[in-house]
Amino acid sequence: MHAVDHTKNSIEISHVSFSYGETEVLRDITFAIHKGDYLGLVGPNGAGKTTLLKIMLGLLAPTSGRVTLFGRDAREFRDWSKIGYVAQKAVNFDKRFPATVFEVVLMGRSGLRGFGRALTREDRAAAERALKTAEMWEHRDRLIGDLSGGEQQRVFIARALVTSPEIIFLDEPTTGVDAQSQEDFYALLRKLNRESQATLVLISHDIDRVLGEAMHIACIDRTLVCHGSPEEYKKEAAAGLEHRHNK
Ligand code: ADP
């Protein structure tokens, strides 16, 4: 039985503001992501979603406010094996990259004890498990560049899974992926969330998809415009439209 553990926060975002130079991009954002949650982070282009993601990953320091990951300040957090990250397919890698699917997934293990160390049997077993979960084991010996967009994204999920992370961040993960592969991809995310209790943070501009998949929605447009269940989001969006219509 899957349940969100409201007593445990994986991430706490507390009064976070951020400016690039003089330009304020985020203002006073506060919300928490619970263990086992499936959060959809939505908002228009340029709303600050990627910036907030970078702050959550400790890559940018907030101008004010604080983010904690598992109770530790994001800027000091070092336990990266607990965090998985799947980017847009297009920014992932060079298509001519001469590596097999299995090798790409194994690379996800090198961060654990540093690059250049010898791979262990444990690394290979973890890569096998991750590829099986992502249903890509049978493709393990193919070159990554020869796969379809949807297949490649499953490999990148497997690479993110190979350290058994507690949270997986996905930034527009299905850009350029065909419709059927998108269905399969979201089914895999549901499985990870429900069966493996992975906490998921999904950034997407595909609002209908996010509303259908996520358990909670955080809507950002410089400030936190809304935060709640998909049903609450729909109600607020409808009220907002009516408000604009009556003006
Ligand atoms: P989203 O992911 O919601 O599209 P971003 O976080 O990428 O939004 O961007 C928020 C705003 O910050 C945008 O107006 C964007 O142009 C600006 N921005 C993003 N990155 C930088 C940067 N490195 N320097 C200056 N401005 C930036």
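We count ligands from 1, going down the list as the structure has it; atoms in each ligand are counted the same way. Below, each value reflects all heavy atoms present in this structure, side chains not excepted, and no hydrogens, waters or symmetry copies.
Counting heavy-atom neighbours within 6.0 Å of Lys132 NZ, excluding the residue itself, gives a total above 12.
Leu53 and Val225 end up in different hydrophobic clusters when Ile, Leu, Val, Met, Phe, Trp and Tyr side chains are linked at under 4.5 Å.
Salt-bridge formation is detected for the pair Arg109/Glu122: a Lys NZ or Arg NE/NH1/NH2 atom is positioned less than 4.0 Å from an Asp or Glu carboxylate oxygen.
Tested against Leu161 for a side chain to side chain contact (heavy atoms under 4.5 Å, CB included), the candidates Ile168, Leu131, Leu188 yield a single pass: Ile168. A side chain to side chain contact (heavy atoms under 4.5 Å, CB included) with Ile11 holds for exactly one of His34, Met56, Lys35; it is Met56.
Looking at every heavy atom in both residues, Gly48 comes nearest to Leu26 through O-CD2, 3.7 Å.
At a 4.0 Å heavy-atom cut-off, the residues surrounding ligand 1 are Tyr20, Val25, Pro44, Asn45, Gly46, Ala47, Gly48, Lys49, Thr50, Thr51, listed by chain and number.
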